[in-house]
Structures are given as C-alpha cells and as structure tokens.
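One structure is given here, and the rest of the page talks about it.
Labels below follow one simple rule: chain letters A, B, ... track the order of the sequence lines, proteins then strands, and each chain is numbered from 1. FYI, side chains are in, hydrogens and waters are out, and symmetry mates aren't considered; it's all heavy atoms of this structure.
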Amino acid sequence: MNWISVKEARNPESIGKSVIIKGWVRTRRDSKAGFSFLEINDGSCQGNLQALAEACLPNYKEEVQKLGAGCSVSLEGEIRQSPAKGQPTELAASKIVVHGWADPLTYPMQKKGHTFEFLRAQAHLRPRTNTFGAVMRVRNQIAHSVHSFFQEQGFLYLNTPIITASDCEGAGQMFRVSTLDPEKPPRTPEGAIDHSRDFFGKQAFLTVSGQLEGETYASALGKVYTFGPTFRAENSNTARHLAEFWMIEPEVAFHNLEDNMDLAEAFLKRIVKDVLEKCAEDMDFFAERIDKTVRATLEVISQSSFERLSYTDAVAILQKSGQSFEYPVGWGLDLQSEHERYLTEKHFQKPVILTDYPKTIKAFYMRQNEDGKTVRAMDVLVPRVGEIIGGSQREERLDVLLERMRECGLPEEPYWWYLDLRRYGTVPHAGFGLGFERVVQFVTGMANIRDVIPFPRIPGWAEF
RNA sequence: UCCCCGAUAGCUCAAUGGUAGAGCAAUCGGCUGUUAACCGGUUUGUUGUAGGUUCGAGUCCUACUCGGGGAGCCA
C-alpha cells in the first residue's frame, strides 16, 4: 500500500485509492453512533485530512478513543469522497497504529488558539500549529525562489565567511569569537588583553555582512549572491530585529544604481509572484487569520512598478505633506521610521525606492555623486515592514574612496584587500542586502519577526 | 538602551484594600456524518520574585526578572 501525504490525500484524484497516511492528530470528535473523526496533519499542507474511525477497529476503545492533539499515528484505509461539507475527501480507516501519545494534562498545545507570546516559549512545539506550518512553508518557498531567481540569471552562489577578522565593517555591533579564557586572558606587558594569542591571532567576530567579500568575487566572476546567516550584537528590541538572521546580498560588476534598482524590483516581484502561485492555501490562511490586507498588498507589488525618487524629493514631499511628525524633517537628517511609513503607506501606497542620500548619513563605500554631497545609495521601503532592502552603487574610484575613508576616520591598513579591488582592474559595481526574515514577514503579514524564524535569537533569549 | 503597559488556574482573561472567579482545555455523562461540534456535572491556584505600608494586599509603594507596544540602531 502507498504512503501518501495529507496534501495528496486531500486531492479528489486520490478518491478510491487504498493508502497509508502518517502524521499527527489535531483533534478528535466522537460519535456515539459508533465512530470517531480524527483530523490528521503531516505538514505537507495547511489543511487536515479527516479520517473516519469506526468502532469495529480492534483498538477503537483502548486507543482510538484516547487519541488527542499531538498524538502521532499511521492510518491505513481508502480515500473516499466526503459526504459532508468541510473537506473534499476523507480516509475510511481500516487500521490505526499509534506511534506516540501526547498526555493532554501536560501537552502545552491545545486545540484552541494560543498567543504568539506563549508559542515563543514553546518554540519546539509551535511548528505543530496552523500558523507556523504556513509560515515555514512560505519561508521555504521564498528561499527556493531566491536561488531560482539568481541561478536563472547566471548568478554564482557565494559563501562568504561567517567568522571575520575585520572589526571595521561599520555595520553595527559585532559578536566576538574567541577561545581565550575570559577569567584570565593572556596579557601584553602593558596589561592589555593579548589578542595575538587568541585562536586567529587577532580579534575575530561573527559577520555582519558579506558585502566586502562579495565585492571581491563580483570583481572576478561578475554576478554573485550570498544567502547566509548574519549577526548583529545590537540591543534592538523591536518586531523587526533579530540578533541572528539570514541575509541575501547580490553584488554585480558593471551595474550602476539603475541596474541595481531594476534587479531589486524584479527580485521582490518574483518572490511575491511565486508565493501567490505556489502557496495559495497558506496565503488564504494569512489573509483570513493574520492580516486581511496582505493579499491586496502583494497584488499591488506584483503588478505596479515601484516608485523611485531621490532623498531630496522625498524630503520635499514630507515637508509639504502637512503631517505632524514626531521627528523633524530636513535635508541632511536621516529619515525616521514614521517618515518612511508615511511615504510608502500613505503617500504612494506601494513600494518606494529612495536614492541619492546625503553622504553624511551613509556608509563610506557608496559611490559619490557629482554634487559632492550625495551618494548613490538606495533603500527599498515597503508598507508595514519599512526598509526591506538597503544597497548602493559602490565607489570604484580609488582616490575618491580613500578621501571618503579619511573623512569617516577609517584606517586604510585593514582595508588593503578591499582597496586592491580599486587598484587593479576596478569596475563600476553595485549590490544590495535583503533581510530574509523581513521578506517572510512582509509576505505573510506576520506582525513580529520573531515568529517567522524557527528559533529567534534576541537580546536575553537564546533558548532552544 | 529609552518611554509606556502588563504578569492571577494548563491557555485567554475578570476580581471598590475585606472569603480568588469565568470561558476554553482536562475529566465524567448525554447527543450528533461530526468539523474551533453541541448540552450537563466535576477538577484546577505559593496571584512573576524579594522586600515594604496596613488590623488585613491579587489590589498601594520600592527593587528586580520576564513579556508586550512604541522609539533608536538597522536588514
């Protein structure tokens, strides 16, 4: 007999087949007329398979009638058309084997809905809920689409290091990686900690970005992208930040900022289109239970072109908006979350790409414009999540880059290899970084980023 | 890190400073091709931790821990 998934068993084409189903019981409903209904889920899809268990089963009284949420089972039987509403098919069970019980007195997952706060403390069991099953299937689809999109366009998947000795990437606080004894570290004659005796012979950290390394490979192989874990030791406590998250960073030689924007827009549209097509049932669930507007938002993305405007124009729009913002708007000041949200949620009501920010509020490696005041930076803003992509055309001119580093007070020496890219065969190039969890958050409508990653790492929390 | 709010039964929540309750879950019974099933009975507590005020604290005060919302940093 064939073992098939719940997804396949729910398909009317399976009617008439004798099959085996393996999964977990979601709920049981008894009928005193002499049978019980079991709802079985195996993660293959959002819906459950209803199984009909009749009293003539040899273990009906001893086992079947004691099954409850969380129990694992195998069932044999025939797929039939369901006579009642609610499901296209059902399994008429001829044999039920119980693999593992779940004591209802202690099993934390109940048939009723739980708050996300409660489920975070049960992160090992929350994948058994409807919401997390749906989130993880969509997350998987997005990861698949990321690779498909880039592979189809001839990008090379590049694995940049997770441990880095550059303590100067300038992208936030870093986690230290060390094998020194924290109780009594080796000391220099002057009394400072002697990092030369650490594992790598110098201070080492977990990466905050693979961009600089990505640029080196783009400067030889043309089109590359990274997709890997990223770490930020910032004390951020928001629904949009994690200490450990996954980031996608394409880097393309001979691309300017316009090419970069085209790539970012096509990339996001592809992800949205794939999810709408291939995760329709899960998206129905999100639209019904999580965020009623999520489907409309995604349709807008896949159909309309992103609004592109300069930072300078954005500031003018904000100043003329008549809105009262908590933080001031002015040329040279960084835009606050409330400003970005106004632009993308109210003014344009679609994704917005802001470009050409003042160089004083952006990183040293971004390409300087002719005006000497702005750089070729871009931020892609989407409704509800805010900044989802940050990128730029990179400064490929050695003299300009060195001057910028001096302005930013950065030492040249640790960047010797990065500067070599400009000394030897330099090319215009551009790239961006996309927070994977923020995309999952945006696509599913989930309110908190901690609920779109299997095991969130945040300040004060690394359980599981 | 800052501001605000919160922590009471397994879960979600209620309780003028005066005997700690409901719904759901669990359990027992009834009913039904049921479907967040329904109806009736039963069980469930160191009120986050440590102090303090008071005749008396779930309730007021202080500190701490944890959580949520907002902000900053960013992806």
| query | Base, sugar-phosphate, or nothing for A/Ile388, non-hydrogen atoms under 4.0 angstrom? | reply | sugar-phosphate
| request: Check every strand shown and say whether A/Arg26 touches a base, only sugar-phosphate, or nothing at a heavy-atom separation below 4.0 Å. | output: nothing
| said: Between the base of B/G33 and the side chain of A/Glu90, is there a donor and acceptor pair under 3.5 angstrom? | reply: yes
| query | Taking atom types as they are modelled, is there a donor-acceptor pair under 3.5 Å from the base of B/G33 to the side chain of A/Arg80? | reply | yes
| How is A/Phe37 classified with respect to the nucleic acid when contacts are heavy atoms under 4.0 Å: base, sugar-phosphate, or nothing? | base
| task | Spell out yes or no: do the side chain of A/Asn237 and the base of B/U1 have one donor N/O and one acceptor N/O closer than 3.5 Å? | result | yes
| query | Got a sec: does the NE2 of A/His144 have more than 12 other heavy atoms crowding it under 6.0 Å? | reply | no
| said: Using a heavy-atom cut-off of 4.0 Å across all strands, would you classify A/Gln50 as base, sugar-phosphate, or nothing? | reply: base
| task | Could you label the plane-to-plane angle of the A/Phe364 and A/Tyr418 rings as parallel, tilted or perpendicular, counting under 30° as parallel and over 60° as perpendicular? | result | perpendicular
| Under-3.5 Å donor-acceptor pair between A/Ser236 side chain and B/C74 base | no
| request: Describe the nucleic acid contact of A/Asn448 in one word from base, sugar-phosphate, nothing, applying a heavy-atom distance below 4.0 Å. | output: sugar-phosphate
| query | Any idea how A/Tyr342 and A/His347 line up, ring-wise: parallel (<30°), tilted (30 to 60°), or perpendicular (>60°)? | reply | tilted
| Stems involving RNA chain B, each a run of at least 3 consecutive Watson-Crick or G-U pairs under 3.5 Å | B:1-7 with B:65-71, B:10-13 with B:21-24, B:26-30 with B:38-42, B:48-52 with B:60-64
| said: Taking the P atom in each of B/U35 and B/G72, what is the distance between them to the nearest angstrom? | reply: 49 Å
List, with names and distances, any nitrogen or oxygen atoms from the protein found under 3.5 Å away from nitrogen or oxygen atoms belonging to nucleotides 24-28 of chain B.
none

| query | What does A/Glu39 touch in the nucleic acid at a heavy-atom separation under 4.0 angstrom: a base, only the sugar-phosphate, or nothing? | reply | base
| task | Would you please confirm or rule out a distance under 4.0 Å between OP1 or OP2 of B/G69 and any side-chain N or O of A/Thr238? | result | no
| Between A/Leu434 and A/Arg29, who's closer to the 5' end of RNA chain B by nearest nucleotide? | A/Arg29
| Counting any heavy atom closer than 4.0 Å, what does A/Tyr327 reach on the DNA or RNA strands: base, sugar-phosphate only, or nothing? | sugar-phosphate
| If you look at every strand shown and take non-hydrogen atoms under 4.0 Å, does A/Ser36 touch a base, only sugar-phosphate, or nothing? | nothing
| query | With a 4.0 Å cut-off on heavy atoms, is A/Arg240 in touch with a base, just the backbone sugar-phosphate, or nothing at all? | reply | base
| said: Does the plane of the ring in A/Phe116 sit parallel, tilted or perpendicular to the ring in A/Phe132? Use 30° and 60° as the thresholds. | reply: perpendicular
| base_contact_polar (B/U34 base, A/Gln87 side chain, donor-acceptor, <3.5 Å) | yes
| query | Would you call the rings of A/Phe155 and A/Phe150 parallel, tilted or perpendicular, where under 30° means parallel and over 60° means perpendicular? | reply | tilted
| task | Can you check whether any acceptor in the base of B/C74 is under 3.5 Å from a donor in the side chain of A/His241, or vice versa? | result | yes
